Amino acid sequence: MRTPLTVRLFQSLPRTAWLALAIFAAIAWIAIPAAHLLLPESSALHVSAYTVTLMGKILCYAVVAVAMDLIWGYAGILSLGHGVFFALGGYAFGMYLMRQIGTDGSYGVMLPDFMVFLDWKELPWFWIGSDSFLWALFLVVAVPGLLAFVFGWFAFRSRIKGVYFSIITQALTYATMLLFFRNETGFGGNNGFTDFKRILGYDITSPQMRLVLFGLSAALLIAVLILGRYLVTSKFGRVLAAIRDAESRVRFIGYQPTQYKLAMWTLSAVLCALAGALYVPQVGIINPSEMSPANSIEIAVWVAVGGRGTLIGGVIGAFIVNLAKSFFTVSFPDYWLFFLGFLFIGVTLFLPDGVVGLWRKLRARRPAAPAPTGTAPAVATEQPAADTPPPAASTQGARA
Amino acid sequence: MSPSLHHLLRILWLTLCCAFGSAHAAPSAETLARLAADDSDTRIAAIAELGAEGSAQSVALLDALADEALALTGDGRLVILTDTGALDAASGSAIAPYPDDAEPLMVNNRVRNALQSAKAATNIRATDRATRLAAAQLLRDSAGEALMPILEPALDAEPDKEIRAILALAVARVNLASAEPAKRIRAAELLGDSSDASVKAMLAALLDKDGNGQFAEPDAEVRAAAKASILAIERRLAIADLASTAFTGLSLGSILLLAALGLAITYGVMGVINMAHGELLMVGAYATYVVQGLFRTHLPGYIDSYVLAAVPVAFLTAAAVGMLMERTVIRWLYGRPLETLLATWGLSLVLIQTARVIFGPQNVEVANPSWMSGGVSSFADIVLPWNRLVIIGFAIFVLLLVWLMMQKTRLGMFVRAVTQNRAMAGCVGVPTARIDTLAFGIGAGIAGLGGCALSQVANVGPAMGQGYIVDSFMVVVLGGVGQLAGAVTAAMGLGLMTKILEGWAGAVVAKILVLVFIIIFIQKRPQGLFALKGRFVED
Amino acid sequence: MLTVDNLNQYYGGSHILRNLSFEVPMGQVTCLLGRNGVGKTTLLKTLMGLVPSATGSIQLAVDAQARDLTRAPSYARVKAGIGYVPQGREIFPRLTVEENLQMGLATCPARTTLPDRIFEMFPVLLKMMRRRGGDLSGGQQQQLAIGRALAMGPKLLILDEPTEGIQPSIIKDIERAIRTLAATGEMAILLVEQYYDFAESLADHYLLMERGEIILRGRGDQMVAHGVREALSV
Amino acid sequence: ADTIKVGVLHSLSGTMAISETALKNVALMAIDEINAAGGVMGKQLEPVVVDPASNWPLFAEKARQLLSQDKVAVTFGCWTSVSRKSVNPVFKELNGLLFYPVQYEGEELEKNVFYTGAAPNQQAIPAVEYLMSKDGGEAKRFVLLGTDYVYPRTTNKILRAFLHSKGVKDEDIMEEYTPFGHSDYQTIIANIKKFAAAGKKTAVVSTINGDSNVPFYKELGNAGLKATDVPVVAFSVGEEELRGVDAKPLVGHLAAWNYFMSVKNPTNAAFIKKYQDWAKKNGVPNADTVVTNDPMEATYVGIYMWKQAVEQAKTTDVDAVIKALGGQTFKAPSGFTLTMDKTNHHLHKPVLIGEVRADGQFSTVWKTKEPIRAQPWSPYIAGNEGKQKL
Amino acid sequence: MSTAMHDTIASSGRASDSRVLRPGELDLTHKVILYLEDISVSFDGFKALNNLSLTIDAGELRAIIGPNGAGKTTMMDVITGKTRPDTGKAFFGQTLDLTRMSEPEIAHAGIGRKFQKPTIFENHSVFENLELAMKTDKRVWKSLFAQLTGDERDRVSDTLKRIRLQAEADRPAGLLSHGQKQWLEIGMLLMQEPRLLLLDEPVAGMTDEETERTAELFVSLAGQHSLVVVEHDMSFVEALGGQVTVLHEGSVLAEGSLAKVQNDPRVIEVYLGR
Ligand SMILES: Nc1ncnc2c1ncn2[C@@H]1O[C@H](COP(=O)(O)OP(=O)(O)OP(=O)(O)O)[C@@H](O)[C@H]1O
Ligand SMILES: Nc1ncnc2c1ncn2[C@@H]1O[C@H](COP(=O)(O)OP(=O)(O)OP(=O)(O)O)[C@@H](O)[C@H]1O
Ligand SMILES: NC(N)=O
Ligand SMILES: [Mg+2]
Ligand SMILES: [Mg+2]
């Protein structure tokens with residue numbers, strides 16, 4: 001009596017979570033479009049193009065954060081190079097967007113401007129087919145997926161772990177960034193791709209297109225959350241967590257950790273890439289700085305702020321950090337780094353398991369209020385830091 | 001010599017000249033006027049004249065021009081501006097009132113070149129050996145036919161062997177164009193002693209054929225001599241090339257090492273993923289800057305020793321910042337290494353912005369003290385810059401310090417024990433909290449020392465640390481976390497490799513290749529160069 | 001002499017130690033027995049300050065001078081004279097054997113030398129001085145852990161299942177050594193042991209724990225009479 | 001509203017803060033000054049400062065925010081070309097108005113952008129011409145050294161074409177790039193030395209940008225490459241950058257700009273004084289040593305030109321202002337009266353070449369007689385013929 | 001060992017005779033399940049194993065004793081693929097060369113191990129620990145869709161009962177006491193259903209009564225499984241009743257019944273003491 005997969009997918013999320021996702025979907029697919037298109041700009045409830053783009057951008061970041069949490073939170077593999085997959089997804093789709101410009105560029109020819117400028121007479125081979133939407137979608141998945149697969153295959157096979165893995169992912173993104181900086185590489189150098197005009201022939205700046213992209217980002221996030229939840233509650237997820245905690249032990253009971261890690265790693269990279277592909281048309285530019293090491297570290301920071309190993313924490317973290325950034329850079333342009341810095345410090349000190357951890361603690365405290373004897377002081381309920389480190393942080397992760 | 005002292009001497013000299021009358025006649029008014037001409041050619045001719053004439057007053061005039069102290073007043077008079085007043089250029093007498101409208105004569109590189117040659121032509125007759133040596137070196141590279149009347153007598157009169165050799169080369173360079181084949185042969189042979197690529201080019205030009213297949217140098221013997229000399233020079237240049245690559249690699253390695261050593265403690269030994277490491281470097285660098293400022297205002301006479309004072313200050317400041325960080329933030333995160341990543345990332349943002357608020361967003365100027373400026377010329381035109389030499393030495397010093405601290409002291413043992421098993425360390429009586437603070441402080445202080453050294457070669461600005469953090473982690477990790485010897489090897493290896501690749505493929509591609517190398521290397525050594533081995537590693 | 005009074009301890013919501021009161025007198029061996037999971041290790045960790053005690057007090061009297069250690073940090077307890085051999089060895093894996101032993105001297109002035117007694121008891125340690133602790137075999141590590149605790153000459157020695165993984169001949173040595181140490185009258189010994197015969201032969205006093213409480217106590221020679229072995233096998 | 005909002009879009013954090021912060025300052029100063037003089041059309045200007053944090057997508061986001069949320073009438077901002085490229089579509093879409101104050105590579109003309117910095121023919125080409133002149137040392141061999149991104153790459157491409165047209169052969173041109181933030185110039189300087197040793201007079205054209213300049217010049221000084229032997233002319237090194245270096249070993253090296261702080265004329269003296277006072281009053285760090293530089297002047301000029309155009313158009317409406325801007329003139333601190341070109345949105349600018357002095361200022365050794373017109377589409381790049389206007 | 005037991009093993013051996021073995025399958029034609037010959041392992045010049053030779057028959061229950069540092073754990077490391085021997089042969093059955101297989105391959109072939117220091121998945125519940133260890137298809141794709149059948153649930157419950165951790169089934173395993181962890185690890189080993197069980201000091205930290213239970217358990221497993229047990233507890237070794245091998249300085253010092261080795265003066269000298 002096997003339960004069908006769909007049912008299990010459904011069961012992997014608690015009812016409240018489904019409800020929350022439904023509300024989220026309703027807001028993203030109905031309320032916001034309506035408020036953007038139908039309400040007049042003067043209305044207090046009008047959602048501006050700015051807000052839609054901003055939210056769309058953060059939704060993409062949230063997908064990246066969830067992808068990061070899958071590999072970091074659940075498999076204990078801290079990638080400091082996830083930006084490379086995000087950016088490659090963006091570039092893959094950006095190539096299509098560049099081709100859609102057609103002859104509207106400043107040189108008025110079919111070649112992208114930067115190629116004209118480099119005296120290239122025709123498209124380099126790796127641009128072939130980039131005018132096809134489907135091929136672009138294929139590239140979005142295939143290129144980062146393949147890179148992740150090959151990179152992961154070698155790394156996991158060599159049993160590179162912890163910080164060693166983190167550092168080579170950093171080297172990967174850094175090297176790729178430098179490579180893309182070069183004009184000769186064929187992706188527009190430092191300027192990257194920008195000034196997009198159309199997708200599938202439709203004007204990229206039209207409100208409808210904006211909403212479609214926004215809606216797709218929301219859909220991707222929902223899908224990633226459901227998929228992620230299914231994965232981490234499946235046996236696959238449990239094996240992965242076991243690998244995180246005691247890899248050699250897992251080997252001795254007959255699992256091949258390499259394959260498990262590789263599967264999750266590649267999936268995570270592909271999810272990032274999809275987010276990148278949706279991100280680029282919304283923000284209107286992709287350039288190599290997306291692959292800078294600092295950007296990738298920030299992804300980890302979102303997850304940590306929200307709460308690692310919780311999936312939803314990534315979403316929350318991405319929203320908190322990026323909204324804070326958007327707000328502070330305008331309201332306190334000279335001091336916003338202080339706010340952000342103290343936010344990070346505060347979260348680690350006072351919310352060791354991120355925002356989600358705080359929420360859980362608050363919830364756990366309520367039923368626990370009538371403690372067994374009532375005399376137990378709070379200190380004793382605390383995990384003794386010296387003795388048994390909190391499970392989530394004991395051995396795995398960025399440390400050898 | 002400081003500029004003001006220079007001025008003072010000049011005034012003194014001019015005063016003397018005026019008081020007692022000079023042995024030479026004063027430069028003619030006409031020459032003076034030509035000095036201030038619009039047209040550079042005229043001015044340069046006038047400069048050459050003054051140089052050849054070589055009178056004390058001419059020298060003073062040339063010096064003033066070089067210092068941009070020679071000015072033209074509104075009414076067309078040439079004056080020499082000093083810190084205390086103005087002197088008439090023609091007479092040397094003081095002028096009152098101070099000519100407010102005096103515009104210093106423009107000196108561009110061409111004029112400056114002419115001034116230097118003129119100066120050298122005078123100085124080659126100086127009594128002071130060092131002055132003559134400098135002049136000879138200048139003449140070696142720039143002498144032309146016109147200077148032969150000065151060069152040859154100078155060569156004959158020169159008592160010093162080294163200077164004579166240099167002058168001989170200078171003469172030979174000129175003689176290479178001589179009409180007499182014998183002179184040319186002799187010159188071509190002599191030039192084989194040079195290690196100068198430009199000499200090689202000059203000799204090679206003799207072997208060129210013109211459109212009719214005629215050699216530029218008609219005499220076969222001269223050509224043979226030139227060929228032999230070219231080979232000799234090339235051999236020397238090849239060695240020089242190798243040596244210079246090795247030196248630059250070593251130098252880059254020492255900088256990487258200094259940048260990484262602090263991290264080797266805070267991260268390598270203590271396990272704190274210290275994203276604020278770069279900012280601790282910055283603290284050290286700014287401390288150096290502040291010390292420099294204090295010396296400039298309070299101890300201008302000792303400005304050259306400011307770096308020495310800055311070393312302990314940088315250490316202590318960074319250590320204090322580090323200890324504060326440990327006490328307030330990192331302390332609560334032991335056993336949760338990944339959270340340290342987040343918190344120290346936050347700390348780094350705060351430190352950057354703090355620096356920006358205090359010192360401004362721009363880079364600040366940290367000057368090399370004079371003993372760290374310039375370089376030692378070793379053979380074949382390789383200049384080993386003093387600041388880099390000093391930094392290599394300093395890296396060795398800091399390395400030794402760290403090694404002694406970690407391996408030879410009880411503190412070092414406690415630190416290692418605490419990070420391996422904090423609870424148990426407490427249970428054998430180690431005051432873990434104090435050790436943590438101290439150790440982090442020392443690690444931070446070492447980073448401060450790194451910053452002090454970096455201030456001597458690179459930017460000092462709020463964001464400077466960000467540029468080192470990636471490299472530092474690469475060094476520590478590539479070497480094998482917690483392995484000092486590994487960090488040293490990694491830093492030197494990366495330094496040399498970068499420099500070799502850079503010479504071959506350019507900086508950008510070299511950087512990419514180095515990163516790719518790191519990725520591949522870790523596949524072979526998944527625990528870094530000096531991997532910890534033993535049965536406990538896996539568990 | 002160690003005096004524990006009314007000690008309570010919680011992990012999360014669960015009450016692990018319940019109102020424990022007992023003494024560990026000088027010059028005598030006190031054995032703490034109890035089945036798996038009753039809270040023996042927790043008690044010792046509480047004594048060492050590794051887990052904060054919720055209520056109760058811990059006093060250590062050395063040379064007629066009593067100190068309250070209830071809230072003291074671990075290292076202060078060690079400084080007061082407690083030596084601890086934890087369950088699971090807890091040696092410093094990347095320090096050499098020699099350094100591990102020297103860590104045992106952390107509270108002593110620098111340059112204090114290691115007592116020969118350690119090497120007499122565990123000659124293998126002398127042979128492996130330069131090897132890293134983590135490379136030793138399980139039993140060797142256990143010996144190292146005991147040696148480390150003895151290095152500073154503690155006034156109170158706390159041992160958590162010290163014979164685990166040690167070969168029989170050395171267990172006999174340890175037994176003899178503990179007896180000698182106690183006999184000097186300058187050391188109090190608190191021994192947690194599952195190995196009944198070993199415990200019985202050493203115990204001057206015994207304490208039997210059951211679900212966080214001491215349910216039986218007495219002199220060592222009463223263990224048979226009180227049916228301790230039977231109580232352990234229910 | 002009774003104020004006119006003005007956007008200031010410069011990075012105050014991240015890698016570009018080092019250069020752009022001063023532009024924000026000078027923009028605020030100009031706005032204060034205009035307000036003190038009664039504002040524009042009787043309305044006070046209200047600056048809206050945002051920090052795009054050297055992050056290019058964030059530039060686009062902030063631009064959109066300025067235009068659609070804050071409804072600014074005009075924006076002064078950007079430094080790097082990529083940031084400009086990133087905001088261009090936004091300004092186009094929302095029909096905003098951007099003043100871009102930095103020298104750049106050209107190859108662009110946007111209806112919504114006014115370029116107050118130099119195009120290549122207003123900086124790079126005259127500089128190289130100078131190097132080839134007698135006074136410039138009659139350089140025959142050139143090292144084109146830059147940071148690896150579009151501005152240096154483009155500029156060097158144009159220069160190479162220009163040098164070809166002057167008969168310089170490819171073997172006499174060495175082109176080298178370093179990554180952003182590169183800090184070790186030992187190899188490159190050794191290579192330059194080698195290249196220069198070939199006998200012909202050699203000069204270096206540096207388009208090194210930002211943070212790499214300090215290590216470059218320090219190395220240059222210590223390696224004994226003197227300006228009299230191998231002069232370096234830089235396009236991105238101004239007074240602000242020289243504040244971070246000990247300038248003594250650099251004396252004689254060159255920079256080409258359209259303005260130097262050392263230029264002596266009453267307008268400039270007043271400009272400098274105003275800025276220094278403003279810095280002190282507003283607590284700018286190191287206020288007693290602040291300097292002015294070319295992009296700051298360009299920002300300042302831009303703000304005033306915009307003010308004049310608004311007053312002429314009698315509205316802040318973007319299209320009307322764009323129309324009114326063509327032909328505006330302004331007496332700039334450089335001592336010249338600058339004109340906004342009628343058709344190509346670029347300023348006519350004078351070119352000044354200066355040599356570094358020991359105090360970190362420049363002494364002008366050459367300048368054009370009058371402002372020259374910008375050629376955003378360089379004639380040295382194929383396919384640009386006949387593109388000089390919008 | 002009873003003859004009946006021998007028969008079952010022998011018949012299973014014959015069964016495999018009658019058909020072609022698939023690659024990777026255990027071949028017990030000569031009743032030997034584990035065959036070590038001349039194994040040497042050295043660390044920085046120190047010989048932890050020194051020409052060690054040892055054979056274990058299918059269904060056998062073998063105790064290994066020997067001084068601390070004799071090389072017992074190292075031997076298990078070699079068998080499970082954790083340490084590669086410098087020289088020597090190690091075969092599982094007739095055909096499987098252990099020195100060429102990876103840890104998961106060895107585990108898959110049917111060797112399970114309990115470590116000297118209990119190692120379990122601390123963040124997983126006790127139940128999940130057992131579930132993960134359970135014999136099943138352990139490839140990625142299967143685990144993505146794996147679901148516990150009723151049967152499998154029962155097996156986990158049975159084991160839980162056997163190791164007396166029913167009450168702790170849903171607690172994180174990291175919170176168990178030392179002795180409980182020992183039991184859990186034994187439970188995991190049982191779930192794996194290996195042909196050969198390697199047990200490194202399984203009763204350390206257990207009470208005498210539990211030690212007895214463990215001995216009973218092992219004896220009951222012998223026959224269907226082969227067991228190699230390392231222990232220092234002589235009463236436990238006695239209760240196991242099987243052959244005893246004494247290791248010393250990396251090679252076999254003595255072999256035979258417990259009574260025999262206990263009276264061997266060399267064993268008394270280096271191991272048992274007086
Ligand atoms: N960190 C913890 N959080 C919650 N419960 C814990 C924790 N550590 C131990 N326990 C529980 O406390 C109880 C007592 O554990 P303790 O380790 O003190 O037992 P013990 O008597 O030493 O057992 P053993 O003889 O097996 O070593 C056990 O039930 C254990 O599950
Ligand atoms: N990686 C290593 N480096 C150095 N020595 C090692 C290493 N691994 C094992 N040894 C040494 O090899 C010897 C054998 O160790 P092993 O753990 O096999 O002993 P054991 O028989 O299991 O002992 P015990 O009964 O104490 O568990 C020991 O002396 C140990 O110190
Ligand atoms: N346009 C520039 N200087 O990047
Ligand atoms: Mg215990
Ligand atoms: Mg063992």
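Source: prediction; values computed, not measured. Chain naming here is simple, since letters A, B, ... match the order of the sequence lines and numbering starts at 1 in each. Values below: all heavy atoms of this structure, side chains included; hydrogens, waters and symmetry mates excluded.
Residue contact with chain B, scored on non-hydrogen atoms closer than 4.5 Å, involves the backbone and the side chain of A294(A) alike. For M424(B), no part sits under 4.5 Å from any heavy atom of chain A, backbone or side chain. For T328(B), the part sitting under 4.5 Å from any heavy atom of chain A is the backbone (N, CA, C, O) and nothing else. Using a 4.5 Å cut-off between heavy atoms, V357(B) contacts chain A through its side chain alone, with no backbone atom that close. Contacts between R525(B) and chain A at a heavy-atom distance below 4.5 Å are absent for every atom of the residue. Contact annotation for L343(A): neither backbone nor side-chain heavy atoms come within less than 4.5 Å of a heavy atom of chain B. For a residue to count as touching a neighbouring chain, one of its non-hydrogen atoms must lie under 4.5 Å from one of that chain's; by this rule I522(B) touches chain A with backbone and side chain alike.
Shown here for A433(B) and R331(B), the closest heavy-atom pair between the two residues is O-NH2, 3.1 Å. Taking every heavy atom of both residues into account, Y286(B) and A355(B) meet most closely at CE1-CB, 3.9 Å.
Residue E326(B) holds its CD atom at 7.0 Å from CZ of F440(B), rounded to the nearest 0.5 Å.
Between K261(A) and E247(A) there is a salt bridge, with a side-chain nitrogen of the basic residue lying less than 4.0 Å from a carboxylate oxygen of the acidic one.
Ring centers of F338(A) and F328(A): at least 6.0 Å apart, outside the cut-off.
Your options are I352(B), T354(B), V508(B), and the one with the most heavy-atom pairs under 4.5 Å with chain A is T354(B). Across Y174(A), W336(A), F339(A), the residue that shares the most heavy-atom pairs under 4.5 angstrom with chain B is Y174(A).
Using a 3.5 Å distance cut-off with no hydrogens or angles, the side chains of T258(A) and R157(A) do not pair a donor with an acceptor.
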Worksheet item: What's the verdict on ring pair (Phe, Tyr, Trp, His ring centres under 6.0 Å) for Y335(A) and F342(A), showing C-alpha distance, side-chain angles and the deciding distance?
Response: CA-CA 11 Å; Y335(A) 297 100; F342(A) 283 120; over 10 Å; no
